[in-house]
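Here is the structure we will look at.
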Amino acid sequence: MTSMKALYLLVPLAPLAGSLIAGLGGRAIGRAGAHWVTILSVAIAFVASCVVFSDVLAGNSFNGSVYTWVTMGDTRLEVGFLIDRLTALMMVVVTFVSLMVHVYTIGYMADDPGYQRFFSYISLFTFSMLMLVMSNNFLQLFFGWEAVGLVSYLLIGFWYTRESAIYANLKAFLVNRVGDFGFVLGIGLVLANFGTLDYAAVFERAPAMAGQTIDLIPGGGASLLLTVVCICLFIGAMGKSAQFPLHVWLPDSMEGPTPISALIHAATMVTAGIFMVARMSPLFEWSETALSLVLVIGALTAAAMALVAITQYDIKRVVAYSTLSQLGYMTAALGASAYSAGIFHLMTHAFFKAVLFLGAGSVIIALHHEQDMRRMGGLRKLMPITYFTMLIGALANAGLPPFSGFFSKDAIIEAVHESSVAGAGFAFWLLLAAVFAGGVYSFRLLFMTFHGVPRMDAQLRAHIHESPKVVTVPLVLLAIPSVAAGWWIGRFVMGDYFGTSLFVRPPHDAIAKLTAGYHGLWSFLLHGLAGNAFWLALSGAVVAWYLYTIRVDLPKRIAIAFGPLYALVERKYGFDELYAWLFAGGARAIGRGLWRGGDQTVIDGVIINGSARLMGWFAGIVRQLQSGFLYRYAFAMLLGVLGLMWVLRVFKA
């Protein structure tokens with residue numbers, strides 16, 4: 001166990017060491033030294049994670065303290081690890097995707113002056129995410145939570161000379177502060193009512209706390225404590241995992257370099273909220289209200305963001321809105337208590353979404369940083385490896401068999417259909433709508449980019465060629481699990497892989513209903529071929545093929561025909577403008593009022609300048625009395641004596 005504990009420490013500390021060396025010693029070790037030290041450190045973390053995964057599969061687990069920071073009575077604030085099957089799976093996914101992104105970055109960032117700094121940041125990002133998923137207490141969870149937020153801020157605004165990048169990272173920071181406010185309140189309520197921040201102790205006491213109430217507003221009636229705690233924690237997840245209506249920051253995160261877009265969207269920051277809710281299943285299972293909220297919010301996000309993806313022309317933004325939609329599926333699964341299906345989709349999505357982002361980056365490199373799909377087309381023969389891997393990513397993203405996304409997405413839809421949580425019927429139809437839209441936007445991206453007539457200028461087309469191996473090899477390695485990862489559905493979703501890592505109360509166990517009818521991988525595949533989800537995804541792909549290869553004039557005519565509705569979706573439902581008016585405009589109006597009314601009028605006008613004028617007036621009067629002439633003083637004394645005599649006479653009378 002001592003050797004395994006050292007291995008647990010090695011997993012997060014190796015990327016941290018690589019980050020510090022590349023960041024602090026980047027000038028000394030040079031560009032090659034920076035990428036080799038960080039790649040080696042993440043590779044060590046990946047190999048160690050695989051060993052841990054193997055050890056956990058053998059039946060071993062760990063839950064213990066590594067370092068105690070503060071002891072306050074019975075409450076201990078400490079660094080600790082919880083290594084179970086959920087943690088081990090997340091460790092492997094995070095380190096593998098991060099390793100592929102690190103290798104890919106060598107080619108993508110080859111000419112960037114911030115080369116060493118970028119490698120330092122993405123290695124630090126990996127460390128932060130690992131600390132989050134390996135934590136066994138809320139304090140360490142919060143540390144990892146805020147650390148991934150901080151590094152994402154640095155990476156989104158990596159090109160800090162661009163005004164759009166600074167706007168994007170500030171937007172991500174502010175939106176996540178809204179979510180994190182709820183997250184901190186949830187952790188505070190846990191500490192105040194459970195007296196501990198340790199997962200095991202909190203989860204053990206949860207059933208006894210299920211009926212306990214709390215007065216949120218004096219005289220406003222009591223609310224169930226666990227419902228309030230879970231909703232607060234989920235608000236944090238809405239910020240990190242970009243769920244409606246806190247989704248607006250994620251598309252703008254495309255202002256960062258493509259490798260970090262892939263890392264954020266595939267394996268780190270946005271998956272933190274999904275992982276956290278799954279980890280907190282022993283709390284969420286005792287709140288029907290919280291589960292219903294999670295379910296409906298997830299389904300709304302899946303459908304609404306899939307529609308937006310259809311209207312975008314920036315290749316990275318299409319993939320970004322795809323991520324929002326896929327995160328909605330995962331969130332809906334959590335709300336339906338299908339935690340295993342949600343985590344399984346998190347895993348499969350990590351692979352095929354990394355393929356799509358890195359493939360988009362390969363196209364952007366070839367086109368000299370052109371991102372508008374209206375200036376692409378005909379790249380299939382010029383970039384065959386990129387095309388083939390992105391085809392796999394599109395098939396998996398759309399949920400077509402036998403690719404990984406089909407199995408995980410179909411499991412979620414079936415689980416929501418079987419769920420007894422309030423709002424499940426509404427969520428089911430929204431998810432089906434998202435499936436059709438997903439087929440359209442996935443293949444719209446593919447056809448506009450790689451098929452049809454080339455729409456770039458002839459000079460650029462003459463220089464287009466396949467990306468170097470340092471870019472294409474990670475694409476191929478990620479495409480393999482994008483095909484095959486879904487074949488493990490029997491073990492991860494229908495089987496007992498997660499064991500006690502996830503908790504589901506029998507009344508909510510939709511996965512148990514699916515498992516009862518599960519008769520193996522091929523049976524699930526054949527059942528899926530007869531389901532609505534498959535035919536909707538296939539229909540979406542066919543519609544995209546017809547609109548973007550046969551009748552390329554129709555998309556514009558459809559947009560004109562739908563008029564205001566299309567414009568509303570294209571403008572992302574106006575949330576950017578609304579938040580700019582409510583928060584940015586509102587903040588400026590408040591600031592202007594405080595400046596003019598508070599600073600200029602009250603502070604400067606009354607307190608500072610007013611007091612100065614008052615003292616000047618008083619000094620002017622005193623100056624007239626203190627003239628220095630004796631006859632004036634004598635006259636004043638005489639007046640004073642006469643006045644005093646009059647007063648004495650009045651009071652005597």
Side-chain angles (χ1 to χ4, degrees), residues 4 8 49-63 81-94 133-134 136 199-200 203-204 206-207 271 274-286 291 329-330 332-351 404-421 481 484-525 527-528:
M4 288 305 299
Y8 301 151
S49 296
C50 291
V51 175
V52 171
F53 184 74
S54 178
D55 185 62
V56 168
L57 284 179
N60 299 313
S61 60
F62 175 80
N63 182 17
F81 293 149
L82 171 58
I83 309 298
D84 58 10
R85 295 191 169 194
L86 174 60
T87 303
L89 178 64
M90 290 295 298
M91 289 165 63
V92 172
V93 171
V94 170
V133 301
M134 295 173 69
N136 76 338
Y199 288 167
F203 296 162
E204 183 181 357
T271 61
I274 306 300
F275 167 80
M276 184 273 292
V277 175
R279 175 60 79 197
M280 298 300 143
S281 59
L283 300 181
F284 277 83
E285 281 300 294
W286 297 101
L291 287 175
Y329 282 102
M330 300 175 211
L334 301 176
S337 294
Y339 304 101
S340 59
I343 294 297
F344 185 57
H345 193 54
L346 183 155
M347 179 187 72
T348 61
H349 173 262
F351 300 130
S404 61
F406 163 77
F407 296 97
S408 55
K409 190 180 291 186
D410 210 60
I412 290 173
I413 293 171
E414 291 296 323
V416 171
H417 186 247
E418 296 290 345
S419 176
S420 59
V421 175
W487 303 347
W488 292 89
I489 186 171
R491 183 76 183 272
F492 287 107
V493 179
M494 307 301 179
D496 60 350
Y497 167 78
F498 288 105
T500 58
S501 301
L502 302 173
F503 172 72
V504 182
R505 292 175 59 211
H508 300 155
D509 201 349
I511 293 296
K513 298 176 184 178
L514 298 186
T515 304
Y518 180 74
H519 302 294
L521 182 69
W522 294 108
S523 174
F524 184 89
L525 180 61
H527 175 75

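A quick note: this is a predicted structure, and the numbers were derived from the prediction, not measured.
- A donor-acceptor contact shorter than 3.5 Å links the side chain of Thr87 to the backbone of Leu82.
- Considering all non-hydrogen atoms of both residues, Gly490 and Tyr518 come closest at CA-OH, 3.4 Å.
- The two residues Ala510 and Ala336 make their nearest non-hydrogen contact at CB-O, 4.2 Å.
- The main-chain N or O of Phe503 is found under 3.5 Å from a side-chain atom of Ser281 such that the two form a donor-acceptor pair.
- Atom CE of Met91 is separated from atom CZ of Phe53 by 11.0 Å, given to the nearest 0.5 angstrom.
- Within the 4.5 Å cutoff, the side chain of Val56 has heavy atoms near those of the Val52 side chain.
- Within the 3.5 Å criterion, the main-chain N or O of Lys513 finds no donor-acceptor partner in the side chain of Glu418.
- Tyr339 has its side chain out of reach of Leu86: every pair of non-hydrogen atoms, C-beta onward, lies at least 4.5 Å apart.
- Side-chain N/O atoms of Tyr199 and Glu204 include no donor and acceptor closer than 3.5 Å.
- Side chain of Arg491 to backbone of Tyr497: no donor-acceptor contact under 3.5 angstrom is found.
- For Phe62 and Phe81, the gap between ring centers reaches or exceeds 6.0 Å.
- For the pair Phe524 and Met494, the minimum side-chain heavy-atom distance is below 4.5 Å.
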**Prompt:** Between Glu414 and His527, does a side-chain contact (heavy atoms from CB on, under 4.5 Å) hold up when you go through it step by step?
**Reply:** CA-CA 11 Å; Glu414 291 296 323; His527 175 75; 4.3 Å; yes

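- In this structure the side chain of Asn63 never reaches within 4.5 angstrom of the side chain of Ile83, judged on heavy atoms.
- No side-chain heavy atom of Ile489 sits less than 4.5 Å from a side-chain heavy atom of Ser408.
- Taking every heavy atom of both residues into account, Leu502 and Ser340 meet most closely at CD1-N, 3.7 Å.
- In plain terms, the two heavy atoms of Leu346 and Phe275 that are nearest each other are CD1-N, 4.5 Å.
- By the 6.0 Å contact criterion, NE2 on His508 is enclosed, its count of non-hydrogen atoms from other residues, nucleotides or ligands being greater than 12.
- A donor-acceptor pair under 3.5 Å links the side-chain atoms of Thr515 to the main chain of Ile511, judged by distance alone.
- Here NE2 of His349 is found 10.0 Å from OG of Ser404. Values are rounded to the nearest 0.5 Å.
- Put simply, the side chain of Ser420 gets close to the backbone of Pro507: a donor and an acceptor are under 3.5 Å apart.
- Looking at heavy atoms from C-beta onward, Met330 lies out of side-chain contact with Phe344 at the 4.5 angstrom threshold.
- Heavy-atom neighbours of Trp488 CH2 from other residues, nucleotides or ligands within 6.0 Å: at or below the threshold of 12.
- To the nearest 0.5 Å, atoms CZ (Phe492) and CZ (Arg85) are separated by 9.5 Å.
- Taken to the nearest 0.5 Å, the CG atom of Leu334 stands 9.5 Å off from the CE atom of Met276.
- Taking CE of Met134 as the reference point, atom CG of Asp84 lies at 11.0 Å (rounded to 0.5 Å).
- Across Val93 and Ala350, no two heavy atoms sit closer than the pair CG1-CB, 3.7 Å.
- Looking only at side-chain heavy atoms (C-beta outward), Glu285 and Val504 come within less than 4.5 Å of each other.
- Atom CG of Leu291 is separated from atom CZ of Phe284 by 7.5 Å, given to the nearest 0.5 angstrom.
- Across every non-hydrogen atom of Ile412 and Tyr329, the tightest pair is CG2-O, 3.6 Å.
- Using modelled atom types, one side-chain atom of Thr348 and one backbone atom of His345 make a donor-acceptor pair closer than 3.5 Å.
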